[in-house]
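Atoms considered below: every heavy atom in the structure, side chains included; atoms not considered: hydrogens, waters and symmetry mates. These numbers were taken from a predicted model, which means no experiment stands behind them.
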Amino acid sequence: MWRADALLESMYNEAMGRMKDRQVSMSAEERKGHLKQALRQLIGEFESNERHKPVLLEQEPCDGYIRERVELSAVPGVSFAAYVLIPEGNQGKPMPAAVAVHGHGYGSREIVGLKQDGSRDSDMPGIHRHFAVQLVRRGMVVIAPDVAGFGERRLAADLALNPDAPNSCHRLSTQLMMHGKTLAGLRVTETLKALEYVAERPEVQADRIGIMGFSGGGFISFLSAALDDRIRAAVLAGYPNTFKDSIMAMQHCVCNYIPGILNYAELPEWLGLVCPRPLFLESGTHDRIFPAAGFEAAAHELREIYRHNGAEERLRTDLFSGAHEISGRYSYDWLFERLSSPDL
């Protein structure tokens, strides 16, 4: 056989067989600890930048909230901007907060109601639905970091070749892999720095912080929530699936791939690391890159994980009529209600 189709299928089946053997050879808690440790190693660790102090870049009153922009740094040698949206009228009382993580596009401006040039976006929202604004309007402080490789964070080398380059995912991913690290690892490191920053703000209840991410932002959100229990609830939109039905079934951006991850578990079990904390999954019925069948398979497995942990009521799913886009018809309110609940 000249083509490797059968080889790839055999490798996948063998990996699933090994996964099942490991699942029965250790307790659920041992398995969870094993996967968390493996995940940290798989995405790669980065040196922490403890010297950088946050810098306020801008502050502007908006309709019902204040929008700030701050500069943060998680890794020596590179900084990043993040928008912070603060509801007006809280009268000094600390509020729940959410980290909002955008996917492929022009950066955090796409989710805070701005155009790529920073001007106000009064047009019909795109697939991100300005979801950070939706969250702040429900009474949460929201921090929306610029994800590495998008918008103002595209690499100079890519812009020199094409000023309209959509992103720098390929160059960042491939060069980081040459150093035994991943772009996902860098993005998670920066996301957790944003979490750390917002937790220290006086407007925020530090023990009531959640996360919401769309598409590639859903990927980063799940990794961040899996590795950091300070994230008390998570909404994953346009990402929950199986590897087999999504990133292994069709071409995706290279930033979605972590070498060796399938040797440990399929995506639903990785998502299950968030359990027993509240988790909301949403996806469109006509999403072509994260198909409905894979979403339903993942949701089924996660229901079993949550049921086994006695936390079935903490898992919510929504397969809405739509494409690769955010819905938010239930998830926005759900996140606020969960983070505000006395029994969080």
Atom of Leu273, atom of Ala226 and distance for their closest heavy-atom approach | CB-CB, 3.8 Å
Which class fits the ring pair Phe219 and Phe222: parallel under 30°, tilted 30 to 60°, perpendicular over 60°?
-> tilted
Would you tell me whether Glu71 and Ser79 have side-chain atoms, one donor and one acceptor, within less than 3.5 Å of each other?
-> yes
Is any NZ, NE, NH1 or NH2 atom of the basic residue among Glu196 and Lys193 found under 4.0 Å from an Asp or Glu carboxylate oxygen of the other?
-> yes
Output the distance between atom CD (Gln116) and atom CZ (Arg109), rounded to the nearest 0.5 Å.
-> 8.5 Å
Taking only Lys NZ, Arg NE, NH1 and NH2, and the carboxylate oxygens of Asp or Glu, determine whether Lys115 and Asp121 approach each other closer than 4.0 Å.
-> no
Between the main-chain N or O of Ile247 and the side-chain N or O of Tyr257, is there a donor-acceptor pair closer than 3.5 Å?
-> yes
Basic-acidic side-chain contact under 4.0 Å: Arg307, Glu304 = yes
Do Thr317 and Arg303 have a side chain donor and acceptor closer than 3.5 Å?
-> yes
Determine, for Lys20 against Glu266, whether the closest basic-nitrogen to carboxylate-oxygen distance falls under 4.0 angstrom.
-> no
Kindly determine whether Arg18 and Asn263 satisfy side chain to side chain contact (heavy atoms under 4.5 Å, CB included), including the steps that lead there.
-> CA-CA 8 Å; Arg18 291 192 298 270; Asn263 290 329; 3.5 Å; yes
Can you establish whether the number of heavy atoms outside Asp63 located under 6.0 Å from its atom CG is more than 12?
-> no
Output field: ring centroids His324/Phe214 closer than 6.0 Å | yes
Judged by modelled atom types alone, do Ser10 and Asn13 share a side-chain donor-acceptor pair under 3.5 Å?
-> no
Residue pair Leu161 / Arg171, side-chain heavy-atom distance below 4.5 Å = yes
Take Phe290 and Tyr239, measure what ring pair (Phe, Tyr, Trp, His ring centres under 6.0 Å) needs, and give me the verdict at the end.
-> CA-CA 6 Å; Phe290 292 99; Tyr239 177 75; 5.4 Å; yes
Quick one: SG on Cys255 to NE2 on His170, what's the gap to the nearest 0.5 Å?
-> 11.0 Å
Asn167 (side chain) donor-acceptor with Cys169 (main chain) under 3.5 angstrom | yes
For Ser321 and Thr285, work out which heavy atoms get closest and say how close.
-> CA-OG1, 3.5 Å
Check whether any side-chain N or O of Arg138 sits under 3.5 Å from a backbone N or O of Leu135 as a donor-acceptor pair, and report yes or no.
-> no
Charged N to carboxylate O under 4.0 angstrom, Asp146 versus Arg154?
-> no
Please answer whether the main-chain N or O of Glu45 pairs with a side-chain N or O of Lys181 as donor and acceptor at a distance below 3.5 Å.
-> yes
Honestly curious: do Leu114 and Val70 fall in one hydrophobic cluster under the side-chain, below-4.5 Å linking rule?
-> no
Under 3.5 Å donor-acceptor, Gln59 side chain and Arg67 backbone | no
pair Thr182-Leu42: side-chain heavy atoms closer than 4.5 Å | no
Hey, could you give me the OH/CZ distance between Tyr12 and Phe243, rounded to the nearest 0.5 Å?
-> 9.5 Å
State, yes or no, whether a side-chain contact exists between Glu296 and His300 at a heavy-atom distance under 4.5 Å.
-> no
Same apolar cluster (I L V M F W Y, side chains within < 4.5 Å links), Val133/Val235 | yes
Over 12 foreign heavy atoms within 6.0 Å of CE, Met26 | yes
Residues Glu269, Arg31: salt bridge by 4.0 Å N-O rule = yes
Checking side chain to side chain contact (heavy atoms under 4.5 Å, CB included) for the pair Phe280/Asp318: CA distance, chi angles, key distance, verdict?
-> CA-CA 8 Å; Phe280 193 109; Asp318 181 25; 3.8 Å; yes
Nearest non-hydrogen partners of Thr191 and Ile211, listed with the distance = CG2-CD1, 4.0 Å
When the ring planes of Tyr264 and His34 are compared, do they come out parallel, tilted or perpendicular, using 30° and 60° as the limits?
-> tilted
Tyr306 ring centre to Arg314 NZ or CZ under 6.0 Å, with the angle to the axis within 45°?
-> no
Could you tell me which non-hydrogen atom of Ile143 sits nearest to which non-hydrogen atom of Ala194, and how far apart they are?
-> CD1-O, 3.6 Å
pair Pro87-Val142: side-chain heavy atoms closer than 4.5 Å | no
Would you call Asp228 and Arg230 a salt bridge, taking side-chain N to carboxylate O under 4.0 Å as the test?
-> yes
Check for a donor-acceptor pair, side chain of Arg208 on one end and backbone N or O of Leu339 on the other, with a separation under 3.5 Å.
-> yes
Heavy-atom side-chain contact between Leu344 and Pro278 under 4.5 Å | yes
To the nearest 0.5 Å, how far apart are CG in Leu85 and CD1 in Ile66?
-> 10.5 Å
Distance-only, no hydrogens or angles: does the Asp245 side chain make a donor-acceptor pair with backbone N or O of Asn241 under 3.5 Å?
-> no
More than 12 heavy atoms of other residues, nucleotides or ligands under 6.0 Å from CD of Gln37: is that the case?
-> no
NZ/NE/NH1/NH2 to OD/OE distance under 4.0 Å, Asp207 and Arg232 = no
Answer whether the closest heavy-atom distance between the side chains of Tyr332 and Met140 falls below 4.5 Å.
-> no
Starting at CG of Leu223, measure out to CZ of Arg40 and round the result to the nearest 0.5 Å.
-> 11.5 Å
Can a salt bridge be assigned to the pair Lys36 and Asp229 using a cut-off of 4.0 Å between side-chain N and carboxylate O?
-> yes
Is the side chain of Glu110 donor-acceptor paired with the backbone N or O of Tyr106 at a distance under 3.5 Å, no angle test?
-> yes
Side chains of Leu236 and Glu282: does their closest heavy-atom pair fall under 4.5 Å?
-> no
When rounded to the nearest 0.5 angstrom, what is the spacing between CG in Leu302 and CZ in Phe295?
-> 9.5 Å
Taking it one step at a time, do Val147 and Val101 satisfy side chain to side chain contact (heavy atoms under 4.5 Å, CB included)?
-> CA-CA 8 Å; Val147 176; Val101 190; 3.9 Å; yes
Examine Ile258 and Leu8 and state if one hydrophobic cluster contains both, with Ile, Leu, Val, Met, Phe, Trp and Tyr joined whenever side-chain heavy atoms are less than 4.5 Å apart.
-> no
Test item: Arg277 side-chain N/O and Ile231 main-chain N/O as donor-acceptor pair under 3.5 Å = yes
Checking His252 side chain against Ile289 main chain: does a donor-acceptor pair fall under 3.5 Å?
-> yes
Between Leu176 and Phe46, is a side chain to side chain contact (heavy atoms under 4.5 Å, CB included) present by the stated rule, with each step listed?
-> CA-CA 11 Å; Leu176 285 169; Phe46 289 80; 4.0 Å; yes
Between Glu68 and Arg201, does at least one N-O distance fall below 4.0 Å, as a salt bridge requires?
-> yes
Would Arg69 and Glu152 pass as an ion pair if we require N to O under 4.0 Å?
-> yes
Do we see a donor-acceptor contact under 3.5 Å between the side chains of Ser27 and Glu29?
-> no
Flag side-chain contact, heavy atom, 4.5 Å: Val198 against Val141 = yes
